[in-house]
Amino acid sequence: MEVCFSPRAAGTEKECARVMIAIRDSLDVLSGKWKLPILLALKFRTYRFKELSRTVGISPKMLSKELKELEMNQLVQRTVWDTAPVSVEYSLTQYGKTLRDVLDSLAKWGTQHRKRIMTTSKLEA
């Protein structure tokens, strides 16, 4: 947080602190290796548990843990169907759908970053 309080940032300390808190809150909800890939998969469609596990490439135990956290944060909805055997589907909630632009922006930035790094690496070789 000290970065916010440099002499050049005079007068913006409160704004910087407010933004830092917002970023930390966002990272608390979305951090980890699996949350963003799960949300990205669910951005496109509803999945059953096993197919979501295969699509994302995550173990069932880890997927279960991550989905519980995403449900707790109201980003993912779990729907249980009364079938034999019981079917469970996962989808984004309306609130979870508000992350679509964030996911799109991250993907766009990641693509540009990869091109930049690959171009820089080739120039240095």
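Quick caveat, the model's predicted, so the values are computed rather than measured.
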Handout entry: Worked verdict on L42 versus I38 for side-chain contact (heavy atoms from CB on, under 4.5 Å)
Key = CA-CA 6 Å; L42 293 173; I38 291 167; 3.9 Å; yes
Exercise for the section: Can you measure from CG (L67) to CE (M72) and round to the nearest 0.5 angstrom? Expected result: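 Between atom CG of L67 and atom CE of M72 there are 12.5 Å.
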Practice task
Calculate, to the nearest 0.5 Å, the distance between atoms CZ and CD belonging to R78 and E89 respectively.
Solution key: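 These two atoms lie 11.5 Å from each other.
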Problem - Residue pairs, two or more places apart or on separate chains, that pass ring-ring contact (aromatic ring centres under 6.0 Å, His included) and touch residues 37-58 - result: none
Practice task
Output every pair passing ring-ring contact (aromatic ring centres under 6.0 Å, His included) with a member in residues 81-109, not counting sequence neighbours, ordered by first then second residue.
Solution key: W109-H113
Practice task
Give the cluster check for V102 versus W34: same hydrophobic cluster or not, with ILVMFWY residues linked at side-chain heavy-atom distances below 4.5 Å.
Solution key: yes
Within a strict 4.5 Å, meaning less than it, do heavy atoms of the [X] and [Y] side chains meet?
X    : Y    : answer
L92  : L75  : no
M118 : K115 : no
E15  : V19  : yes
L99  : K97  : no
V76  : L39  : yes
V88  : T79  : no

Practice task
Identify, with sequence neighbours excluded, every residue that meets salt bridge (charged side-chain N to carboxylate O under 4.0 Å, His left out) alongside E69.
Solution key: K35, K65
Problem - Listed partners of R100 passing side-chain hydrogen bond (donor to acceptor under 3.5 Å, both in side chains), at least two apart - result: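 In terms of side-chain hydrogen bond (donor to acceptor under 3.5 Å, both in side chains), with neighbours along the sequence ignored, R100 is linked to no residue.
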Handout entry: By side-chain hydrogen bond (donor to acceptor under 3.5 Å, both in side chains) - contacts of K68 (at least two apart)
Key = none
Fill in the blank from the handout: S31 and D28 have their tightest heavy-atom pair at OG-O, 3.9 Å
Practice task
Taking all non-hydrogen atoms of both residues into account, name the closest pair between T93 and G96 and its distance.
Solution key: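 T93 and G96 have their closest heavy atoms at OG1-N, 2.8 Å.
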Exercise for the section: Decide if atom CZ of R45 counts as having more than 12 heavy atoms of other residues, nucleotides or ligands within a radius under 6.0 Å. Expected result: yes
Exercise for the section: Please check if atom CD in Q94 has more than 12 non-hydrogen atoms from other residues, nucleotides or ligands closer than 6.0 Å. Expected result: no
Handout entry: Polar side-chain atom of T12 near backbone of C16 as donor-acceptor pair, under 3.5 Å
Key =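 Flag not set: sc T12 to bb C16 has no pair under 3.5 Å.
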Determine all donor-acceptor pairs shorter than 3.5 Å in which one atom belongs to a side chain in residues 52-62; sequence neighbours excluded.
from, atom 1, to, atom 2, distance (Å)
S53, OG, I58, O, 2.6
T55, OG1, E51, O, 2.8
S59, OG, M62, N, 3.2

